[in-house]
Amino acid sequence: MNRRGDNSDQVRAMYESLPYPARDPADEDRRLVRTSLDYLPKISHYGFAGRLHQRRPLRVLVAGGGTGDSLIFLAEQLRRVDAELVYLDMSEASTEIARKRAARRGLDNIRFSVGSIDRINPDEYGYFDFINCSGVLHHLPDPDAGLSALARVLADGGVIGLMVYARYGRTAVYQIQSLIDTLSDADEPLPARMDVAREALDALAPGHWWKRSEELHTDHKRYGDAGLADLFLNPIDRAYTVPELYDWLERCGLDLIDFADHRLAYDPASYVRDSTLAQRIAGLSRKQQQAAAELFSGTISKHTVYVKGRGSTASTARPSAEMIPVAAFELDQAKLVRDFNPSASGQNRTVEKPGARLSLPVNPISTYLFRSLDDRNDLGAIKSGLIRESSGQAPDHWLTDQLDALIELLVRADMLYLVDSHEVGNWLERTRPWPHPLNP
Ligand SMILES: C[S@@+](CC[C@H](N)C(=O)[O-])C[C@H]1O[C@@H](n2cnc3c(N)ncnc32)[C@H](O)[C@@H]1O
């Protein structure tokens, strides 16, 4: 059972007493939290055909920004770029933490605003090229009103990065929420409800769904009380299946560009080997295939997507000679170069990042590609370099076909993004707030 109704005052009260995620501004001195939806090459790849630099000045909204993870990562990347960021959240306590984190880093490219998403409008805020709204709209009494308001401030060709809860993967969470609701009143003070939650978790039967699936939900372990409250005690909490997600976007005048995390989990081919079942699946629409994949998986607990306005020109980059492949920041590139060393030729090595895992053969193609991902080489240069290095040992077209297939697989797994070579001279090197492992 999901918790619904108009309890927005209680939602706000919860985030005032327990800002989420729990963050100490002093930690900004020692690390940068990086959030997958907000990596600029990824945004450029999925929504701007690899040409995000053409949006100038770049206007970014972080809606329901909480304590500022996405905001700080975006603002750091945009520190030396012609860009303007707006942060919006209804919790003053969360806003204060986000503001202190930005101040600690000396970021002065952010406008802070306290208020509710459903009131945002173009007259007051203007239009945005990129909107981040992660983990927020499923806590609104009327998510349609919230998402429609965001759609109204989306610039032509702009993109929204959205995360909402996924229903089936949260099955155990909703059982625990029902248990807490049975044992306590919704208007009891939060600390008393937290005690009920902790004691209830301790008393669960050994084979309870929660114990079988706890690894899917890390908030209560990573963020202490704030995480526990966010998981089990939010006064408004709803979740979407894949078809419900599509329907919701459609009602709000938006279209799905693509899933942005755990992408292979939305592909039925990740589960189905049997050819008659595969034939049935091939006859389904993209939406039905993804709906089936969600049910094959059973464990998707969040849907993370990029979406665009209906009829928008926003589009995903395609491979071509002038595109530069950029690795996902979650990949350990130095390790890839070590693992895909020619001395391991003929063996398989694992390439992984949260939500994606591939086993790939070590061969001259994978070895050359992983060595070339320095944010400067474009696909044309990589192809000609590979042909040169193989010095006629394999036909050119065979080498380039193999390279194309490897790149396609890595892109599909969300491990590689394609950006136009003009991104480099224009801003790519200025947006990277950490040294490139292959190109320091
Ligand atoms: C789970 S936190 C997510 C924070 C952040 N987006 C992140 O991913 O780290 C949800 C945030 O949404 C904010 N929020 C909830 N409803 C809102 C609304 N109607 N308008 C603005 N902010 C809202 C809460 O105050 C809270 O900071």
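The structure presented is a predicted model; accordingly, all values stated were derived computationally and were not measured. Just follow the structure's listing: the first ligand is 1, and inside any ligand the first atom is 1. In this chain, residues are counted from 1 in sequence order.
- In this structure, the protein non-hydrogen atom closest to atom 9 (O) of ligand 1 is Pro21 CD, 3.4 Å.
- Between Gly115 and ligand 1 there is a heavy-atom distance shorter than 4.0 Å.
- For atom 16 (N) of ligand 1, the choice among Glu92, Met90, Arg23 with the nearest heavy atom turns out to be Met90.
- Here the protein heavy atom with the shortest distance to atom 25 (O) of ligand 1 is Asp89 OD1, 2.6 Å.
- The nearest heavy-atom contact from the protein to atom 12 (O) of ligand 1 is Val136 CG1, 3.5 Å.
- Below 3.5 Å of separation, one finds no N or O of Leu88 facing any N or O of ligand 1.
- An N or O contact shorter than 3.5 Å links Ser116 to ligand 1 by distance.
- Distance from atom 20 (N) of ligand 1 to its nearest protein heavy atom, with residue and atom name: Ile117 N, 2.9 Å.
- Looking at ligand 1, you won't find any N or O of His139 less than 3.5 Å from one of its N or O atoms.
- By the criterion of a heavy-atom distance under 4.0 Å, the side chain of Leu140, and not its backbone, is placed next to ligand 1.
- Comparing Gly227, Gly66, Ser70, Ser134 against atom 3 (C) of ligand 1, the shortest heavy-atom distance belongs to Ser134.
- Put simply, the side chain of Asp247 does not reach to within 4.5 Å of the side chain of Tyr240, judged on heavy atoms.
- The shortest non-hydrogen separation linking His217 to Ser301 is CE1-CB, 3.9 Å.
- Counting heavy atoms from C-beta outward, Arg23 and Val33 have side chains that approach closer than 4.5 Å.
- A centroid separation of 6.0 Å or more is found between the aromatic rings of Tyr174 and Tyr165.
- Taking all atoms of both residues into account, the shortest heavy-atom contact from Arg238 to Pro143 is NE-CG, 3.6 Å.
- The distance from ligand 1 to the heavy atoms of Gly65 drops below 4.0 Å at these ligand atoms: 5 (C).
- Ranked by closest heavy atom to atom 4 (C) of ligand 1, the top entry among Ser91, Gly64, Gly135, Ala63 is Gly64.
- Proximity of Asp230 to ligand 1, defined as any heavy-atom pair under 4.0 Å, is confined to the side chain (atoms from C-beta onward).
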